[in-house]
There are 2 protein chains.
Amino acid sequence: MTDAQSRLEHLASLLRKNEHRLTPQRMAVLRLLALSVDHPSASQLYDQIHAQFPTTSRATVYKTLNLLKELGEVLELGFADDDKRYDGNKPYPHPHLICVRCRKIMDPAVSIAADMLQQVAQQSGYQILGHRLDFYGVCPECQEGG
Amino acid sequence: MTDAQSRLEHLASLLRKNEHRLTPQRMAVLRLLALSVDHPSASQLYDQIHAQFPTTSRATVYKTLNLLKELGEVLELGFADDDKRYDGNKPYPHPHLICVRCRKIMDPAVSIAADMLQQVAQQSGYQILGHRLDFYGVCPECQEGG
DNA sequence: GTGCTTGCAAACAGTTTGCAGATAG
DNA sequence: CTATCTGCAAACTGTTTGCAAGCAC
């Protein structure tokens with residue numbers, strides 16, 4: 001069984017366990033999220049799903065994403081001037097690498113040291129609940145294109 | 001001369017140098033930005049300015065902030081579900097500490113090691129242009145309040 | 001059969017924009 | 001004087017919401 005398949009089953013059984021219904025529309029969102037390595041937006045998910053199942057609305061995609069977010073199974077990356085992007089595979093804080101040209105989002109192989117979180121907590125007295133680290137740059141493909 | 005005063009003069013002379021006019025409305029925005037230690041939103045700036053100078057519109061506040069951003073004199077922190085916040089004193093990337101209750105934003109005394117940026121650049125092949133690091137938590141004052 | 005879920009369309013909110021009148025230099 | 005700036009109000013955009021009809025269980 002592939003990672004994507006087991007992730008999909010995890011998501012599906014979690015919905016069932018929490019007494020949410022497994023509609024075809026929801027399954028389509030779950031499947032795409034489990035398969036995606038990039039970080040799709042609601043609109044990108046909608047476009048793909050709607051092409052296959054024309055009986056799917058934007059509202060349902062948004063509602064499903066928010067449901068998964070509340071269940072802690074999806075990481076939402078919000079942007080002020082751009083669509084929100086969703087990570088259905090690693091729903092916990094981790095760094096992202098964002099191409100400012102093509103808007104591709106990758107996961108770089110670095111992490112915030114636990115030291116740093118403790119340091120901030122101690123210095124500030126804040127109770128730290130989460131964090132977000134984004135790197136902005138130009139991806140190799142976009143560098144070639146001028 | 002205080003830091004805020006010299007910062008204000010810097011901003012004012014920069015506008016003049018770039019052939020932008022120093023209107024009273026702009027000066028009010030500049031002054032507040034130079035004085036602010038928290039990270040005000042456009043609306044917060046507007047409220048304060050409009051109280052003193054009723055002849056000031058939201059649009060002008062937004063336009064002035066965007067002008068300063070283009071000149072590289074203000075750091076804009078955008079949020080998907082909240083107002084943008086502005087830092088007129090340190091207009092370069094640095095970490096922020098955000099209280100999820102009262103929405104106060106502070107600067108913690110930590111920084112991203114240059115090592116980390118280089119590491120990401122080398123691993124990924126991206127040309128890194130900037131970054132953003134936000135810590136989310138509950139500030140000491142809000143912890144007391146339950 | 002019951003009540004959760006869907007699709008539609010309208011609402012929402014912060015920000016941006018077009019334009020006519022005002023004003024800094 | 002004149003080009004830039006202001007204030008107003010409408011437009012914009014991604015997301016959310018209310019509601020009647022549909023369907024999972």
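Proteins get letters first, then strands, A, B, ... in listed order; numbering begins at 1 in each.
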*Of all the nucleotides listed (C:dT15, D:dT15, D:dG7), which has the minimum atom distance to the side chain of A:Asp83?*
D:dT15
*State, to 0.1 Å, how close B:Ile98 and A:Tyr126 come at their nearest heavy-atom pair, and which atoms those are.*
C-CE2, 4.1 Å
*asked:* Under a 3.5 Å distance rule, please check whether A:His50 uses its side chain to pair with a backbone N or O of A:Gln48 as donor and acceptor.
replied: no
*Any donor and acceptor pair, going by atom type alone, linking the side chain of A:Asp38 with main-chain N or O of A:Pro40 inside 3.5 Å?*
no
*Look at all strands and tell whether A:Pro24 reaches a base, only sugar-phosphate, or nothing, counting heavy atoms closer than 4.0 Å.*
sugar-phosphate
*Please report, rounded to the nearest Å, how far the P atom of D:dT13 is from the CG atom of B:Asp81.*
19 Å
*asked:* Checking contacts here: which listed nucleotide (D:dC5, C:dC8, D:dC8) is nearest the side-chain heavy atoms of B:His20?
replied: D:dC5
*Can a side chain N or O of B:Thr60 be found less than 4.0 Å away from OP1 or OP2 on D:dG7?*
yes
*Just to confirm, is there a sub-4.0 Å distance from OP1 or OP2 of D:dT16 to any side-chain nitrogen or oxygen of A:Asn66?*
yes
*asked:* Does C:dT5 have its OP1 or OP2 closer than 4.0 Å to a side-chain nitrogen or oxygen of A:Arg26?
replied: yes
*asked:* Between P on D:dG7 and NE2 on B:His50, what's the gap in Å once rounded to a whole number?
replied: 8 Å
*Take the protein atom CG of A:Leu65 and the nucleotide atom C1' of D:dT17, then report the distance between them rounded to whole Å.*
16 Å
*Looking only at atom types and distance, does a side-chain atom of A:Glu73 sit under 3.5 Å from a main-chain N or O of A:Pro91, one as donor and one as acceptor?*
no
*For C:dT15, does either OP1 or OP2 sit under 4.0 Å from a side-chain N or O belonging to B:Lys69?*
no
*asked:* Categorize B:Lys63 for me: base, sugar-phosphate, or nothing, with a 4.0 angstrom heavy-atom threshold over every strand shown.
replied: base
*Sugar-phosphate only, base, or nothing, as touched by B:Ser43 at under 4.0 Å among non-hydrogen atoms*: nothing
*In whole Å, what is the span from the CD atom of A:Gln44 to the P atom of D:dG14?*
12 Å
*Out of D:dC5, C:dG25, D:dC19, which nucleotide sits closest to the side chain of B:Leu22?*
C:dG25
*Grab the CD-C1' distance between B:Glu19 and C:dT23 for me, whole Å please.*
17 Å
*Where the side chain of B:Ser57 is concerned, which of C:dT16, D:dG7, D:dA24 is the nearest nucleotide?*
D:dG7
*asked:* Whole angstroms only, please: what is the CD-P distance between B:Glu70 and C:dT16?
replied: 10 Å
*In terms of side-chain heavy atoms of B:Ala42, which of C:dT15, D:dG7, C:dG7 is nearest?*
C:dT15
*OP1 or OP2 of D:dC23 sitting under 4.0 Å from any side-chain N/O of A:Gln25?*
no
*When the distance from CG of B:Leu15 to C1' of C:dA24 is rounded to whole Å, what number comes out?*
13 Å
*Side-chain (B:Asp83) to main-chain (B:Ala42) donor-acceptor, under 3.5 angstrom*: no
*Check every atom of C:dT15, D:dC25, D:dC8 against the side chain of A:Arg21 and return the nucleotide holding the closest atom.*
D:dC25
*Is there a side-chain polar atom (N or O) of A:Tyr62 under 4.0 Å from OP1 or OP2 of D:dT16?*
no
*Would you confirm whether A:Arg26, through its side chain, and A:Arg21, through its main-chain N or O, come within 3.5 Å as a donor-acceptor pair?*
yes
*Are any of A:Thr23's side-chain N or O atoms less than 4.0 Å away from OP1 or OP2 of C:dC4?*
no
*Is B:Ser41 touching bases, backbone alone, or none of the nucleic acid, heavy atoms closer than 4.0 Å?*
nothing
*Spacing between B:Arg58 atom CZ and C:dA13 atom P, to the nearest angstrom*: 13 Å
